Amino acid sequence: MRNHRKHTVLAAAAIAALSLGLTACGGGDATGAKDAGSASAATQSSTGTGDNGTTGGGTADQTATKSGSTTGGSTTTGGSTAGGSTGSTGGSKAGSTGSTGSTGGKSSAKTPACAYGDIKVTAAKADEVPTEHITLTATNTSGRSCTLLEYPLIAFGPIQTAKDVPAVAKSKPAAPIVLKAGAPAYANVRIALGGVHEDNKVVKEFNVNLFAPEGPAEGSIVVKAPAGGLAVDEAAAKTGYWTYELRNGADEF
């Protein structure tokens, strides 16, 4: 019995010691846990601060980035706007200037219309019998270039009473005739339809007027008829436009 009690007491003491040990260990763990918790909290706090700092830094960075992006975008946009727009504007202005220059070039290159004092006109019979056509030759005697406009305004008789000689549209050239000093131009003129007609009249000389840009020019050129004169039927008379040379088809009428 005594041994049993002794063993029981020892066992109880051992259990008590074990409990105390466990309690001590538990306390240590708790303290450790608390310390760990505190450390964790501190870490979290520190991390939180760091996060806040990081967040703040991130925000600042983001702000800086946004600001940088915005600024960069604005700069780029500004660059594009300034560069592109200015370039375009400059290009347009340059183009406009080019156009103006081109227009100025055309204006400066444009030669004045030939006046009656600038031109000498002669007449020659066509190689045919009877004579139905004559060729007018207009020579620039002005000493400078001039533009011979439209067609000869012909009057077979007194200017005030003579019939207008109509022009043949198909003979009109594509561009105005610009005559250099001393250069000639030609016009084919039909004066009759062959044979002797009671309405034919013999013409020893006739008048030729030129065109100005706004219409018939002032002044008349008196042209002498070829030898023997011309038998003219005013009802049949037609004239071609001035041209550098007489052309098949266009000047055949």
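These numbers were taken from a predicted model, which means no experiment stands behind them. Numbers here are sequence positions counted from 1.
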- Are Cys146 and Ile119 side-chain neighbours, meaning at least one heavy-atom pair lies under 4.5 Å? yes

- Message: How about CD on Glu214, more than 12 heavy atoms from neighbouring residues, nucleotides or ligands closer than 6.0 Å, or not?
- Response: yes

- pair Glu198-Asn200: side-chain heavy atoms closer than 4.5 Å: no

- Task: Could you check whether the rings of His133 and Phe253 sit parallel, tilted or perpendicular, using 30° and 60° as the cut-offs?
- Result: perpendicular

- Item | Arg247 vs Glu252, salt bridge (Lys or Arg N to Asp or Glu O under 4.0 Å): CA-CA, chis, key distance, verdict | CA-CA 8 Å; Arg247 301 149 297 168; Glu252 293 178 346; over 6 Å; no

- Query: Do Leu179 and Tyr241 share a hydrophobic cluster (ILVMFWY, side-chain heavy atoms under 4.5 Å, transitive)?
  - Reply: no

- Euclidean distance, Lys238 NZ relative to Leu193 CG, rounded to 0.5 Å: 9.5 Å

- Item | Single-linkage hydrophobic cluster Phe206~Val165, side-chain heavy atoms < 4.5 angstrom | yes

- Message: I want to check something: taking the side chain as every heavy atom from C-beta on, are Cys114 and Leu149 in contact at a cut-off of under 4.5 Å?
- Response: no

- Message: Does Lys170 have more than 12 heavy atoms from other residues, nucleotides or ligands lying within 6.0 Å of its NZ?
- Response: yes

- Message: If you compare all heavy atoms of Ala225 against all heavy atoms of Leu230, which two are closest, and at what distance to 0.1 Å?
- Response: CB-CG, 3.9 Å

- Query: So, for Lys180 and Asn140, which heavy atoms are closest and what is the spacing to 0.1 Å?
  - Reply: O-ND2, 3.2 Å

- Query: Mind checking whether Ile134 and Val203 sit in one hydrophobic cluster, side chains of I, L, V, M, F, W, Y counted as touching below 4.5 Å?
  - Reply: yes

- Query: Counting only heavy atoms not in Glu128, do more than 12 sit closer than 6.0 Å to its CD atom?
  - Reply: yes

- Message: In the structure I gave you, are the side-chain heavy atoms of Leu148 and Tyr244 within less than 4.5 Å of one another anywhere?
- Response: no

- Dump the intermediate steps for side-chain hydrogen bond (donor to acceptor under 3.5 Å, both in side chains) on Ser145 and Thr111, then the final yes or no. CA-CA 6 Å; Ser145 295; Thr111 55; over 6 Å; no

- Which heavy atom in Asp118 sits nearest to a heavy atom in Ala113, and how many Å separate them? OD2-O, 4.2 Å

- Query: Would you say Asn207 and Leu153 make side-chain contact, with heavy atoms under 4.5 Å?
  - Reply: no

- Task: State, yes or no, whether a side-chain contact exists between Lys201 and Glu234 at a heavy-atom distance under 4.5 Å.
- Result: yes

- Query: What are the two closest non-hydrogen atoms of Pro152 and Thr239, and how far apart are they?
  - Reply: CG-OG1, 3.4 Å

- So with a 6.0 Å cut-off around OH of Tyr116, is the heavy-atom count from everything else above 12? no

- Message: Rounded to the nearest 0.5 Å, what separates atom CG in Asn209 from atom CD1 in Ile154?
- Response: 10.5 Å

- Can you name the nearest heavy-atom pair linking Val178 to Thr147, along with the distance? CG2-OG1, 3.8 Å

- Message: Are Val168 and Tyr151 packed together at the side-chain level, in the sense that at least one heavy-atom pair is separated by less than 4.5 angstrom?
- Response: no

- Message: Tell me whether the count of non-hydrogen atoms from other residues, nucleotides or ligands lying under 6.0 Å of CG in Asp127 goes above 12.
- Response: no

- Looking only at heavy atoms, what is the nearest atom pair of Thr139 and Gly182, with distance? CG2-O, 3.8 Å

- Task: Decide yes or no for Trp242 and Leu136: does some side-chain heavy atom of the first lie under 4.5 Å from some side-chain heavy atom of the second?
- Result: yes

